[in-house]
Amino acid sequence: MRNALKHKRGASRMPSRNRSPEPQQAHAAALPCLRQAAASCKACDLWKAATQTVFGEGRADATIMLVGEQPGDLEDRAGRPFVGPAGKLLDQALVEAGIDRSDVYVTNVVKHFKWSPAERGKRRIHKKPRDSEIQACRPWLDAELAVVKPKILVCLGATAAQSLLGKDFRVSRQRGQIIESPLAPHVVATVHPSSILRAHDDESRHSQMQAFIQDLKHVAQLLKGDKAA
């Protein structure tokens, strides 16, 4: 799988030894070893303003892997992915889609929170990561994929989808479609739950939530089919 990933996406080079641990050294180890190694990663400058590395979370044999963009403010403080408002919405959607949380491993393409200070107050405002930052963090995601070996990979939002499936991928056009990829037997993309939180009104938010749940129900059907095979 690792060779296929390199060929398919041109995986970024491993962080240099004098800057951060190399994921390939922990490639065959359990996820806690990877998490410990990633804690001191300095492959890009995002670590300087972040509280800590936010690595993925879930069982090493999880059937489904959900990949988002990056941790948010609450995730940065807690050191865990998807524990903020978007994470709570994701948990609700998983329940309504009939997906057991224990079947899921959650992570992000970037493991540090990128932010800028608000013009007023002390809020930290999310900033989209640059391509160089995504590539610097890519070896950790590759390592997670190699350890977990998910049957179903779900890209949450454009950043995750384009990082894993190519710059030409458009969630708006290809949402919910099964994408052929060496990353996993089944690969699909949907919106990031944070986009639902940004809806203009309650009606729009409800509509977007229902569409998101339908996408996850499709994932649940794939999971049932895989278990029956």
Side-chain angles (χ1 to χ4, degrees), residues 11-60 62 64-91 94 101-102 104-118 121-148 150 153-157 159-160 163-164 192-195 197:
S12 62
R13 66 178 184 274
M14 296 300 176
S16 60
R17 291 185 179 180
N18 62 345
R19 299 189 69 193
S20 64
E22 296 189 56
Q24 78 267 30
Q25 296 175 348
H27 183 71
L31 287 171
C33 295
L34 285 172
R35 185 175 295 108
Q36 182 179 11
S40 57
C41 183
K42 298 179 181 179
C44 74
D45 289 339
L46 292 184
W47 68 274
K48 294 179 180 179
T51 303
Q52 58 194 313
T53 302
V54 181
F55 206 68
E57 186 174 270
R59 292 183 354 204
I64 302 169
M65 179 182 283
L66 303 180
V67 182
E69 179 187 277
Q70 66 168 318
D73 180 76
L74 291 177
E75 287 81 4
D76 174 70
R77 299 177 192 278
R80 298 178 57 203
F82 289 94
V83 295
K88 290 180 172 59
L89 189 149
L90 174 61
D91 286 343
L94 288 171
R101 186 64 177 75
S102 67
V104 178
Y105 182 90
V106 293
T107 191
N108 290 291
V109 295
V110 171
K111 312 301 189 196
H112 286 114
F113 178 38
K114 183 175 182 178
W115 60 278
S116 61
K122 297 182 179 180
R123 290 182 61 221
R124 301 189 298 172
I125 308 300
H126 160 277
K127 289 184 66 176
K128 184 176 180 178
R130 298 195 304 265
D131 286 346
S132 61
E133 293 159 345
I134 291 171
Q135 287 304 312
C137 217
R138 179 60 188 266
W140 299 114
L141 180 56
D142 285 345
E144 288 174 294
L145 283 163
V147 171
V148 178
L153 174 63
V154 183
C155 301
L156 300 174
T159 298
S163 172
L164 289 167
H192 194 286
S194 63
S195 67
L197 296 174

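Nothing here was measured: the structure is a model prediction, and the numbers come from that model. Along the sequence shown, residues carry numbers from 1. Computation of the quantities below employed the complete heavy-atom set of this structure, encompassing side-chain atoms and omitting hydrogens, waters and symmetry-equivalent molecules.
Interatomic distance, CZ of Arg123 versus OG of Ser116, reported as 10.0 Å (0.5 Å rounding). Distance check: Arg101 CZ to Leu90 CG gives 7.0 Å after rounding to the nearest 0.5 Å. Put simply, CG on Leu66 and CZ on Phe82 are 7.0 Å apart, with the number rounded to the nearest 0.5 Å. Interatomic distance, Trp115 CH2 to Lys127 NZ, rounded to the nearest 0.5 Å: 10.5 Å. To the nearest 0.5 Å, the span separating CG on Leu141 from OG on Ser163 amounts to 6.5 Å. Residue Met65 holds its CE atom at 12.0 Å from CG of Leu156, rounded to the nearest 0.5 Å.
A pairwise comparison of heavy atoms in Ala136 and Cys44 identifies CB-CB, 3.9 Å as the closest pair. Residue Leu164 comes nearest to Cys155 through the heavy atom pair CD1-SG, 3.8 Å, listed as atom of the first residue, atom of the second, then distance. Taking both residues in full, the closest heavy atoms of Pro150 and Ile64 are given as CB-C, 4.3 Å, listed atom of the first, atom of the second, then distance. For Ser194 against Ala86, the heavy-atom pair with the smallest separation is N-CB, 3.9 Å. Asn108 and Pro81 get closest at one heavy-atom pair: ND2-CB, 4.1 Å. The minimum heavy-atom distance linking Pro193 with Leu89 is given by the pair CB-CD2, 3.7 Å.
The backbone N or O of Ile134 lies less than 3.5 Å from no partner atom in the side chain of Gln70, so there is not a single donor-acceptor pair. Remark: side-chain polar atoms of Arg35 are paired, donor with acceptor, to backbone N or O of Gly56 under 3.5 angstrom. Under the 3.5 Å distance criterion, the side-chain polar atoms of Asp76 are matched with a main-chain donor or acceptor of Thr51. Side-chain N or O atoms of Glu75 include one that pairs as donor or acceptor with a backbone N or O of Val83 at under 3.5 Å. Distance alone, capped at 3.5 Å, places no donor-acceptor pair between the Glu144 side chain and the Thr107 backbone. No side-chain donor-acceptor contact under 3.5 Å links Trp140 to the backbone of Phe55. Side-chain N or O atoms of Thr159 include none that pairs as donor or acceptor with a backbone N or O of Glu69 at under 3.5 Å.
In this model, no donor atom of one side chain and acceptor atom of the other lie less than 3.5 Å apart for His112 and Glu133.
Taking 4.5 Å as the limit, some side-chain heavy atom of Phe113 sits within range of a side-chain heavy atom of Asp73. Within the 4.5 Å cutoff, the side chain of Leu74 has heavy atoms near those of the Pro85 side chain. Looking only at side-chain heavy atoms (C-beta outward), Val67 and His192 stay at 4.5 Å or farther from each other.
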